[in-house]
Amino acid sequence: MKFIYFFLIYGLLQTSVSAQTPKADILFDNWEYFRAAKLYTEVAAKKPGAAIYFKLGECYRKMHLYRDEVAAYDKVNAFGLFDKSEFYLHYAVSLRSTGRDADAKAAYDTYCSLAPSDFRGPFLRAAIDIANTDHQWDVPVTMTNVSSVNTPNADLCPVLYKDGIVFTSNRKSPGHNKIYGWTGASYLDLYYAAKSKNDSNYTDVSPFGGSRIIKKFNDGPACFSQNFDTIYISRVDRDMSTTANLNVANKNALGIDRVKIFTSAMVHGKWTKAVPLHLNSDAYSVANPYLSKDGSRLYFVSDMPGGYGETDIYYCNREGTTWGQPLNMGGNVNTFNRESYPSEDAGGNFYFASDGYQGFGGLDICVALNKHGQLEKAIPLKYPFNSPQDDFGIMFLRDMKSGYITSNRYEGGTGDDDIFFFDLSKNTINSELTTTIYTIGYRPIKHDLPMPQIVSPTVSIAKQISMPTNFVIYFDLDKYFIRPDAIMHLDSLVTIMNDFPNLTLLASGNCDCRGGTDHNRKLAVKRSNAALMYLNGKGINADRLQGEGYGTKRSPVKCKEGKLYSSDMHQLERRAEFHLQ
């Protein structure tokens, strides 16, 4: 809501300013960043201060509007040292995305001084010099804006569909005028474009799938089976009857706006009603589906418990007519930050987007090369596949040398996210250039310059003492045995404690809200002790291990004892958390 006043006395002005800030805060907590930014802007104009500009910058960060984010953060910085160390990490990332590398290094330095135990500061700072040095070996690969489908809005993630492509967009079109509060634009939908003269020219752009595929909120990206008779699509399936009765805290805890994967089949020339996959949950998101060429494996992205970072890439294998249980792609792909948008080329090399590698800034397209059926440690692609802004959604055509990426880069862009076409076979400088080697560190044959040093995130993983989220493992109902999915995370803790012999560890056990208070407290102690016994059995001295049992006192979803919730909510409660000290 926007307030316009023509005549104001000072007292009324102060009252309106104080009233607008709580309203903006409520909008922010409800993920209405577009409207919240408008209110914060009005407040900042009347009563500027570091705190209000920080909130404004956070809105722009959530909307991926880097230039606006930097402008707001610059004003925060102008007021002197800010009291939130995380600000300087976000500030450095946004400065780098706008080409201000020297200022970004200074912001990283400030963050390192305020959070000396967090490896992210020096790790991301070092990436600036690595990427800049790597430009010495750039070859002139052309990125062509596919202007026939791009608009000033977001256009992203094309996939082949019959004689054209299907892509995702939040453009305005008839029947798609509802505004998404996060961005202030229309909701995402799928569109089809027919191929015209060549792979960078398309025509007849139109909504795809009809009402059985497209719903009221965000739909896309999507992928298809090889014969195009099955579609998998990311969707926000909002339950309005549920959200209407929830306050902000519960909405955040229950994850009402979770992304889910739906699938539909083509039967007698029509798409069937899209149905949800068994992978979906109200406790976490499942998104960005990608189907392997032979249809035997489904990749996806999730923030489900037990991952390496904010979002991880998982896969499940086809088992007859169903899909098996989700498996994490592991440390050769996933990092402490975000991984998303999985894909493969015809050679089995695995591509994805990440901001957890030492790349060019924002999301970078990375590749884990397939060596005899095993994926090597991933490396970011070189410029111009990657830029200081967000680059993701790479898709290869059949020749493995041409295809598409999505980017919100300023150079050659038309607005928000754009689709770009590349063709490595047209490169005349080095005929041996292929996407499988065109990564940071690649240099033309007989080039005598030294290779840049690549610092692997797995080397630095042992320094994750101040992670944004703590290590967590999960337990079955009323049990305290260590599940197989927890072993990977416990083994990571063993590695860290071996590398840092002065560290101690606190394990806290927790329960869901079923069962009595005394029973839950005792069960929580057993869970923390089970984890500590595992670590001790791996050689960690008991003097460095401490455990506590909290029962239901620290429930992440604020469940009330004795009340039944969904199985996903209860699973989030049945956990042990680990804090390095």
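Just so you know, residue 1 is the first one in the sequence shown, and it goes up from there.
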**Asked** When you measure from the side chain of Arg575 to the backbone N and O of Asn510, does any donor-acceptor pair fall under 3.5 Å?
**Response** no
Using a strict threshold of under 4.0 Å (side-chain N to carboxylate O), is an ion pair present between [Y] and [X]?
{"X": "Arg258", "Y": "Asp282", "value": "no"}
{"X": "Asp476", "Y": "Arg574", "value": "no"}
{"X": "Arg409", "Y": "Asp391", "value": "yes"}

**Worked check of salt bridge (charged side-chain N to carboxylate O under 4.0 Å, His left out) between Asp134 and Lys382** = CA-CA 8 Å; Asp134 192 70; Lys382 280 176 61 69; 2.8 Å; yes
Please determine, by modelled atom types, if [X] and [Y] share a side-chain donor-acceptor pair under 3.5 angstrom.
{"X": "Asp303", "Y": "Thr311", "answer": "no"}
{"X": "Asn337", "Y": "Asp355", "answer": "yes"}
{"X": "Asn153", "Y": "Asp416", "answer": "no"}
{"X": "Asn150", "Y": "Asn145", "answer": "yes"}
{"X": "Asp345", "Y": "Tyr351", "answer": "yes"}
{"X": "Ser354", "Y": "Glu339", "answer": "yes"}
{"X": "Ser169", "Y": "Arg171", "answer": "yes"}
{"X": "Asn328", "Y": "Asn334", "answer": "yes"}

Parallel, tilted or perpendicular: which one describes the rings of [X] and [Y], with boundaries at 30° and 60°?
{"X": "Phe217", "Y": "Tyr187", "answer": "perpendicular"}
{"X": "Phe224", "Y": "Phe208", "answer": "perpendicular"}
{"X": "Tyr192", "Y": "Tyr161", "answer": "perpendicular"}

**Item:** Pair Phe350 + Tyr299: ring centers closer than 6.0 Å
**Value:** yes
**Request:** Could you tell me if the ring centre of Phe422 sits under 6.0 Å from that of Phe385?
**Result:** yes
**Prompt:** Between Val333 and Lys377, does a side-chain contact (heavy atoms from CB on, under 4.5 Å) hold up when you go through it step by step?
**Reply:** CA-CA 7 Å; Val333 170; Lys377 181 64 182 177; over 6 Å; no
**Request:** Step through the shown structure and confirm whether more than 12 heavy atoms of other residues, nucleotides or ligands are within 6.0 Å of CG on Asp163.
**Result:** no
**Message:** Looking at Tyr480, I'd like to know if its OH atom is crowded, meaning that more than 12 non-hydrogen atoms belonging to other residues, nucleotides or ligands lie closer than 6.0 Å.
**Reply:** no
**Of Val141, Ile440, Ile394, the residue whose pairing with Leu381 passes side-chain contact (heavy atoms from CB on, under 4.5 Å)** = Ile394
**Request:** State, with a plain yes or no, whether a side-chain heavy atom of Val146 is found less than 4.5 Å away from one of Ile165.
**Result:** no
**Message:** Between Asp219 and Ile233, is the side-chain contact (heavy atoms from CB on, under 4.5 Å) condition met? List the steps.
**Reply:** CA-CA 7 Å; Asp219 292 284; Ile233 179 173; 3.8 Å; yes
